[in-house]
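Everything below concerns the one structure shown next.
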Amino acid sequence: MTSAGDLNATGPAIGRYPATRLRRLRRFDWSRRLVAEHTLSVDDLIWPVFVHGDDAPADIPTMLGVQRLPIPGVVDAARRAIDLGIPAIAVFPATDPALKTYDGREAVNPDNLVCQTLRAIRDAGLGGRLGLITDVALDPYTSHGHDGLLRGDEVVNDPTVEVLCRQAVNQAQAGCDVIAPSDMMDGRVAMIRRALDGEGFEHVAIMSYAAKYASAFYGPFRDAVGSQAALRGDKRTYQMDPANGDEALREAAMDVAEGADALIVKPGLPYLDLCWRVKASLGVPTFAYQVSGEYAMLDAAARAGAIDRQRAVTESLLAFKRAGCDGVWTYFAAEAAGWLASGGG
């Protein structure tokens, strides 16, 4: 029976047991699906892939299950992405060390690995069916491993931005759809936008790494592109301090003001608060990058039998959606797309 204390003037008290039992809508699969606040779909996924100049795929020891691919292998990955319904891939180069220089000049070579890969994907008739995203930063091309030009011990801002503009135009000419500057130089979004527009690439979007932190979670990525061994010092003078949150909002707001079409928070899971704050404060398309260290930890735990791979990975991706993200860059993209297609997401 309902006691007088369970009623108010308008009926049963809201949010008070026993009139309210939140488990009622958790009881069945159909009811859980019906009231789910957030969903994960293949449309939320961006797949980062690594390209190298060798003829065969190469394993990345710190990222088991991820490989550096030859250009034909990336074309095959692009076809697979289309078949799975993944909207976009992001191409990162593992540049031959012999081509790395102090000034990173290979970044503006029209025949570098990224440009060759973009042309190969389009020559295969896949252009327009899949978004092609390219990284703008110098670390895959510099002998010192930094994202910009080094003068003594300092990564210099404005001269670096000049090179980044040339790199962005070079990639646009090769056929990219989205430029993703990851360098964290001040003012680079505005200058890249101006350079692209000046060369007739107004349609090429900019998805900026607006809040990219000087994180310990990037190690496997640097192994994948070959910049770890070359890196002199660290990147804390231009990547963000993990202690700071408000600063990320300033960075993101500046990038939007300079012409960014979408924003990235990197890393992902340790920075869910920033995903939420950036999206809530600016209301622009916001993406998280589930970085290589996050991949490696989840993968290692799954291989050890400590977690269920599919459930844990899917849960981690759904967390980004709950935090306000419009999508996720993740090395699990192809796996997750397969799970979702089979109804297991």
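Side chains included, hydrogens not; waters and symmetry mates left out as well; all remaining heavy atoms used. Here the structure is a predicted model, which is why all the values come from computation and not from measurement.
- The side chain to side chain contact (heavy atoms under 4.5 Å, CB included) check on Asp158 picks up nothing, with sequence neighbours excluded.
- Residues satisfying the ring pair (Phe, Tyr, Trp, His ring centres under 6.0 Å) test with Tyr141, not counting sequence neighbours, are none.
- Applying the ring-ring contact (aromatic ring centres under 6.0 Å, His included) definition to pairs two or more places apart or across chains, those involving residues 70-104 are Phe92-Phe221, Tyr102-His144.
- Ser316 and Gln290 share a donor-acceptor pair across their side chains, judged by distance under 3.5 Å alone.
- Using a 4.0 Å cut-off between charged nitrogen and carboxylate oxygen, Glu258 and Arg188 do not count as a salt-bridge pair.
- Salt-bridge annotation for Arg79 and Asp76: present, with a side-chain N of the basic residue lying under 4.0 Å from a carboxylate O of the acidic one.
- Qualifying salt bridge (Lys or Arg N to Asp or Glu O under 4.0 Å) partners for Asp273, counting only residues two or more places apart in sequence or in other chains: none.
- Considering only residues two or more places apart in sequence or on other chains, Asp29 meets the side chain to side chain contact (heavy atoms under 4.5 Å, CB included) condition with Arg32, Arg33.
- With sequence neighbours left out, Arg129 forms a salt bridge (Lys or Arg N to Asp or Glu O under 4.0 Å) with no residue at all.
- Between Thr286 and Asp326, the side chains place no donor N or O within less than 3.5 Å of an acceptor N or O (distance only, hydrogens not considered).
- Under the side chain to side chain contact (heavy atoms under 4.5 Å, CB included) criterion, Pro72 pairs with Pro70, not counting sequence neighbours.
- Residues forming a salt bridge (Lys or Arg N to Asp or Glu O under 4.0 Å) with Arg322 (at least two apart in sequence, or on another chain): none.
- Judged as a ring pair (Phe, Tyr, Trp, His ring centres under 6.0 Å), and not counting sequence neighbours, Tyr218 has no contacts.
- Not counting sequence neighbours, the partners of Trp329 by the ring pair (Phe, Tyr, Trp, His ring centres under 6.0 Å) test are Tyr209, Tyr289.
- Taking the side chain to side chain contact (heavy atoms under 4.5 Å, CB included) definition, one finds that Phe28 meets it with Trp30, Ser31, sequence neighbours left out.
- Residues forming a ring pair (Phe, Tyr, Trp, His ring centres under 6.0 Å) with Phe287 (at least two apart in sequence, or on another chain): none.
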